[in-house]
Amino acid sequence: ENSLIDIKAMCFEIALFESIESSSVSIEVGIEDAIGLIERMPLVGDEKIVISYRTPSLNDYVEAEFDVYKHSVINKSKERVRQYVISGVSPETKVDFVSSVDEVFKLSGSETVKAVFETHFQKTNISNLKKLEVSDSSGTQYFIGNGRSPMSFIKQICTESESEKYPASNYMFYETLDSKFHFKTLDELMQGDVVQDFYLADAGKKIVSGSFTSDTIFPYQVIT
């Protein structure tokens with residue numbers, strides 16, 4: 001009913017996940033509940049998590065929306081306090097579950113991906129529409145949807161498309177934390193800019209800076 005509850009003070013951990021092996025971004029929010037939130041607002045699958053975040057690779061904050069699809073087992077941590085994890089996925093994943101591609105395309109792989117993405121993920125009631133970045137593929141092919149979900153169909157196109165610039169057929173379809181979807185080759189990603197560095201350091205040396213800036217060095221970047 002368009003009601004909003006600020007759960008920031010109840011969160012003990014927030015984890016965002018992106019991967020070139022995954023078509024969409026997901027989130028897990030750890031909740032420490034002392035007010036009986038889950039009884040007053042039972043999770044039925046129509047809820048959304050809205051979050052504003054920034055990562056070391058992003059200069060500006062990004063506001064993202066996730067559809068809640070489950071919560072974990074509820075554990076009692078102390079008197080009148082319980083802990084559980086709420087899981088959510090990008091709204092495009094929910095659309096993907098209830099959509100099917102029933103068309104035949106005679107286009108290049110990249111043009112077909114653009115057409116499918118526009119039809120199923122941009123002409124919808126999703127509030128924050130995301131951009132699609134595409135690396136052009138060569139040739140004209142027939143692609144038959146035959147009732148598969150949009151993301152499954154695009155995954156098939158990944159295996160059958162060949163880049164105009166690179167010899168290998170290694171296209172990937174994935175979403176990143178900057179609210180973009182990508183249809184790109186692994187070769188192109190390998191020739192892109194370096195995202196993060198790793199540092200060789202003594203195990204006892206403290207190199208994590210105190211402020212959250214682009215040159216912050218985190219523990220997972222340290223090779224001991």
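Judged as a salt bridge (charged side-chain N to carboxylate O under 4.0 Å, His left out), not a single pair has a partner in residues 15-26 (not counting sequence neighbours). Listed by first and then second residue, the salt bridge (charged side-chain N to carboxylate O under 4.0 Å, His left out) pairs involving residues 166-185 are K130-E175, E133-K180, E133-K184 (not counting sequence neighbours). For residues 56-65, the set of pairs meeting the salt bridge (charged side-chain N to carboxylate O under 4.0 Å, His left out) definition, not counting sequence neighbours, comprises K48-E65.
Residues passing the side chain to side chain contact (heavy atoms under 4.5 Å, CB included) test with Q191 are Y166, sequence neighbours excluded. With sequence neighbours excluded, the residues satisfying side chain to side chain contact (heavy atoms under 4.5 Å, CB included) with F12 are E32, Q83. Applying the side chain to side chain donor-acceptor pair (under 3.5 Å) rule to E188 yields the partners S135; only residues at least two apart in sequence or on another chain are considered. Scanning for side chain to side chain donor-acceptor pair (under 3.5 Å) contacts around K131 gives an empty result, with sequence neighbours left out. Judged as a side chain to side chain donor-acceptor pair (under 3.5 Å), and not counting sequence neighbours, T119 has no contacts. Under the side chain to side chain contact (heavy atoms under 4.5 Å, CB included) criterion, I20 pairs with M172, Y174, L186, L189, sequence neighbours left out. In this structure, the salt bridge (charged side-chain N to carboxylate O under 4.0 Å, His left out) partners of R82, at least two apart in sequence or on a different chain, are E39. In this structure, the side chain to side chain contact (heavy atoms under 4.5 Å, CB included) partners of S138, at least two apart in sequence or on a different chain, are E162, E164. Every residue meeting the side chain to side chain donor-acceptor pair (under 3.5 Å) condition with S110, not counting sequence neighbours, appears here in chain and number order: S108, S137.
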